[in-house]
Amino acid sequence: MAPAEISSVFAPTGAAKTTLVKTRSWWLRARAGSISFEGRRIDDKPAHARAGLGIAHVLERRRLFPFLSVHDNVLLGAHNARARPHREETLARLEALLPLLKARRSQLAHTLSGGEQQMVAIARGLMARPKLLMIDEPFLGLAPRMVEEIGELVRRIRDQQGISILFIEQNVELSLRLADRGVVLESGRTVLSGPAAELLRSAEVKRIFLGEFA
């Protein structure tokens with residue numbers, strides 16, 4: 001990935017999309033091959049060490065602590081040694097980026113809507129001060145209006161904070177309209193990749209995912 005780039009990974013169900021991001025953040029250990037970040041091998045680095053290098057992972061279905069406040073959930077993202085000294089500075093920047101964090105500061109996470117929870121989960125990932133933010137299914141189960149808002153938030157993160165974003169998404173057209181670059185997986189292997197605009201016009205992508213034939 002290039003710096004400050006939005007990349008989307010999409011594939012048929014069961015093609016190892018979530019496995020890809022979990023092995024990169026060490027939720028799962030890779031059985032073969034290698035994993036590199038910024039030109040260095042990180043295969044042997046545990047999850048906390050990868051967070052310290054600048055990799056953050058927003059899990060599918062948000063996974064907030066339901067009975068903690070919005071504020072407490074967000075602060076938990078700054079646990080790694082790289083982020084902890086800058087916690088207040090980072091929080092102030094995120095509250096400017098995402099006013100919801102300040103407006104709902106003391107509200108318990110489980111009382112938020114699904115879209116609001118997703119925003120809090122993304123903010124928690126950003127508290128780690130990542131260079132790469134990985135988001136698994138950010139639009140899952142959300143209303144169209146909230147999908148638009150989170151898509152716009154992803155763009156602002158790239159443009160205002162210079163963070164690279166890798167996200168997993170089932171909706172091919174939505175993901176390619178948001179991303180700069182797309183990657184198509186099949187059985188855990190890359191079968192297509194390139195600029196999102198080109199993949200959006202690709203007859204092969206349409207054939208595989210949209211039921212259209214060139």
Side-chain angles (χ1 to χ4, degrees), residues 8-9 13-14 16-29 46-52 54-130 132-157 161 163 165-171 174-175 178:
S8 172
V9 176
T13 301
K17 301 184 297 297
T18 293
T19 300
L20 172 69
V21 292
K22 282 186 173 181
T23 53
R24 198 161 184 85
S25 63
W26 212 76
W27 275 76
L28 294 173
R29 298 196 68 170
H48 70 274
R50 297 186 193 193
I55 299 175
H57 183 182
V58 179
L59 297 168
E60 184 182 358
R61 299 187 183 276
R62 283 80 73 175
R63 308 289 181 90
L64 299 178
F65 291 91
F67 293 100
L68 290 183
S69 68
V70 166
H71 181 68
D72 288 342
N73 266 285
V74 172
L75 287 184
L76 285 171
H79 185 68
N80 76 76
R82 180 171 174 270
R84 200 178 306 124
H86 308 282
R87 191 172 71 168
E88 298 306 318
E89 171 196 341
T90 306
L91 180 61
R93 190 168 71 240
L94 289 180
E95 286 180 342
L97 177 74
L98 235 179
L100 168 80
L101 302 180
K102 196 166 187 178
R104 306 293 185 87
R105 187 183 181 97
S106 61
Q107 190 168 335
L108 297 183
H110 77 92
T111 65
L112 300 173
S113 71
E116 291 168 340
Q117 289 184 26
Q118 185 66 68
M119 289 182 174
V120 173
I122 290 171
R124 182 174 62 185
L126 291 171
M127 279 297 294
R129 297 173 69 91
L132 170 64
L133 180 69
M134 303 186 298
I135 315 175
D136 195 350
E137 300 274 16
F139 308 114
L140 184 65
L142 301 185
R145 180 184 63 81
M146 191 56 74
V147 168
E148 275 188 36
E149 288 189 26
I150 291 179
E152 181 55 35
L153 173 61
V154 168
R155 292 189 185 97
R156 292 203 310 272
I157 292 167
Q161 303 199 14
I163 295 170
I165 299 165
L166 173 69
F167 72 94
I168 305 293
E169 175 52 40
Q170 296 281 3
N171 186 321
L174 171 65
S175 65
L178 175 60

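Numbers here are sequence positions counted from 1.
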Might you point out which heavy atoms bring [X] and [Y] nearest each other, and give the distance in Å?
X      : Y      : answer
Leu142 : Pro138 : CD1-O, 3.4 Å
Ala128 : Ala56  : CB-CB, 4.4 Å
Asn80  : Gly77  : ND2-O, 4.3 Å

Exercise. Going by heavy atoms in the side chains, are Leu59 and Asp136 under 4.5 Å from each other?
Worked result: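 A side-chain contact is absent here, since even the closest heavy-atom pair is not under 4.5 Å.
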Exercise. Would one find more than 12 heavy atoms of other residues, nucleotides or ligands at under 6.0 Å from atom CZ of Arg84?
Worked result: yes
For this session: Sort and list the pairs that fulfil ring-ring contact (aromatic ring centres under 6.0 Å, His included) and have at least one residue in residues 106-130, not counting sequence neighbours.
Result: Phe67-His110
Going by side-chain contact (heavy atoms from CB on, under 4.5 Å), name the residues that satisfy it together with [X], two or more places apart in sequence or in a different chain.
X      : answer
Glu148 : none
Leu174 : Phe139, Val147, Glu169, Asn171
Ala49  : Lys45, Pro46

What side-chain donor-acceptor pairs closer than 3.5 Å can you find for residues 85-94, not counting sequence neighbours?
from	atom 1	to	atom 2	distance (Å)
Thr90	OG1	His86	O	2.9
Thr90	OG1	Arg129	NH1	2.9

Side chains of residues 111-127: which donor-acceptor partners sit under 3.5 Å, not counting sequence neighbours?
from	atom 1	to	atom 2	distance (Å)
Thr111	OG1	Gln107	NE2	2.9
Thr111	OG1	Leu108	O	2.7
Ser113	OG	Glu116	N	3.2
Ser113	OG	Glu116	OE1	3.3
Glu116	OE1	Arg104	NH1	3.3
Glu116	OE1	Ser113	N	2.9
Glu116	OE2	Arg104	NH1	3.2
Glu116	OE2	Arg104	NH2	3.0
Gln117	NE2	Ala109	O	3.4
Gln117	NE2	Leu112	O	3.2
Arg124	NH1	Arg63	O	3.4
Arg124	NH2	Arg62	O	3.1
Arg124	NH2	Arg63	O	3.2

Exercise. Quick one: salt bridge (Lys or Arg N to Asp or Glu O under 4.0 Å) partners of Arg155, sequence neighbours excluded?
Worked result: Glu152
Seminar exercise, completed: Applying ring pair (Phe, Tyr, Trp, His ring centres under 6.0 Å) to His79 and not counting sequence neighbours gives none
